[in-house]
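In this text, all values refer to a predicted model and were calculated from it rather than measured experimentally.
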Amino acid sequence: MIVADIVKALNLEVLSGAKGLQREVTSGYTSDLLSDVMGFADAGAAWVTLQTHKNVMAVASLKELGAIILVKGFKPEPDTIEQSDEEEIPILGTELSAFEITGKLYNMLQQE
Amino acid sequence: MHFEYKVQGGDFARAGLASSQVKKVLKQLNVDAKLIKRVVVAMYEAEVNVVAHAYQGTINVDIDTERIVMAFSDHGPGIPDIPLAMQRGYSTASPVVREMGFGAGMGLPNIQSNADEFKITSVVGKGTNLEIIVYLNVPQE
């Protein structure tokens, strides 16, 4: 599936990086520890986190993740948005908790 | 090919820049994607370590047909007990750094597991030297 499919199905807000909505998403990863994501997330993963600072984009870019999903209404910082737009890796927002959105995303990916 | 990067302690906004540039070079050289992933994980973690712990540092990267050597040299507090620092979950990072999602004690073990050769030496009160080597002609699983 592509990022746009997830946005639509899970009713997410596109906070930045809209040019990357056609990126492929092949898995998911939920963690607030950057080293954990760096070490263990796969390329093409949708990353569920509450971290909003620019370093999440460094990790997403280096790991070639599909998208970032910020939970509980968290919003990316301005320099995070800037890099997301540049790299065309979307940051998406939800009011749901990491637990809830991860469950929904997991079900969606299982149905692929 | 030789590249040198300066890293400033505490400058998290630029953390990952050197790793990103080396990744681009390796892609241009058509290096195996799995090898690039290993290099990038190891290099980013080491870069973040300098930003999180040291005052300043230099990264020297040498790439030839056989291997990539990443040498990190920093001025900083140094590491008193390297085996302890190498333990998964052990970290001396500040609360601020931890809040950002760093300092989980995963960096050095992540570097080691992605490196073919890994050498670390440190002098307390002076700084730390870390050398990471990844061989480029080894078929990846």
Do L15(A) and L50(A) share a hydrophobic cluster (ILVMFWY, side-chain heavy atoms under 4.5 Å, transitive)? yes

Is there side-chain contact between K63(A) and V41(B), with heavy atoms separated by less than 4.5 Å? yes

In the single-linkage hydrophobic clustering (I, L, V, M, F, W, Y; side-chain heavy atoms under 4.5 Å), do L35(B) and L29(B) co-cluster? yes

Note: A58(A) and A15(B) closest approach over all heavy atoms is CB-O, 3.9 Å

So, for Y44(B) and L34(A), which heavy atoms are closest and what is the spacing to 0.1 Å? OH-CD2, 4.2 Å

Considering only heavy atoms, which portion of R38(B) lies under 4.5 Å from any heavy atom of chain A: side chain, backbone, both, or neither? neither

Most heavy-atom pairs under 4.5 angstrom with chain A, which of M100(B), E45(B), M106(B)? M100(B)

Is it the case that over 12 heavy atoms from other parts of the model lie below 6.0 angstrom from the NE2 atom of H75(B)? no

Taking atom NZ as the centre, does K24(B) end up with more than 12 heavy-atom neighbours from other residues, nucleotides or ligands that are less than 6.0 angstrom away? no

Are more than 12 heavy atoms, taken from residues, nucleotides or ligands other than F3(B), located less than 6.0 Å from that residue's CZ atom? yes

K23(B) side chain vs S61(A) backbone, donor-acceptor pair below 3.5 Å: yes

Side-chain heavy atoms nearer than 4.5 Å, only ILVMFWY residues, links allowed to pass through others: does that put V123(B) and M86(B) together? no

Supply the atom-to-atom distance R98(B) CZ to L33(A) CG, rounded to the nearest 0.5 angstrom. 10.5 Å

Group every Ile, Leu, Val, Met, Phe, Trp and Tyr by side-chain heavy-atom contacts under 4.5 Å, then state whether L108(B) and I82(B) land in the same group. yes

Name the region of N55(A), side chain, backbone, both or neither, that has any atom closer than 4.5 Å to a heavy atom of chain B. both

CG on D36(A) to CG on N110(B), rounded to 0.5 Å: 8.5 Å

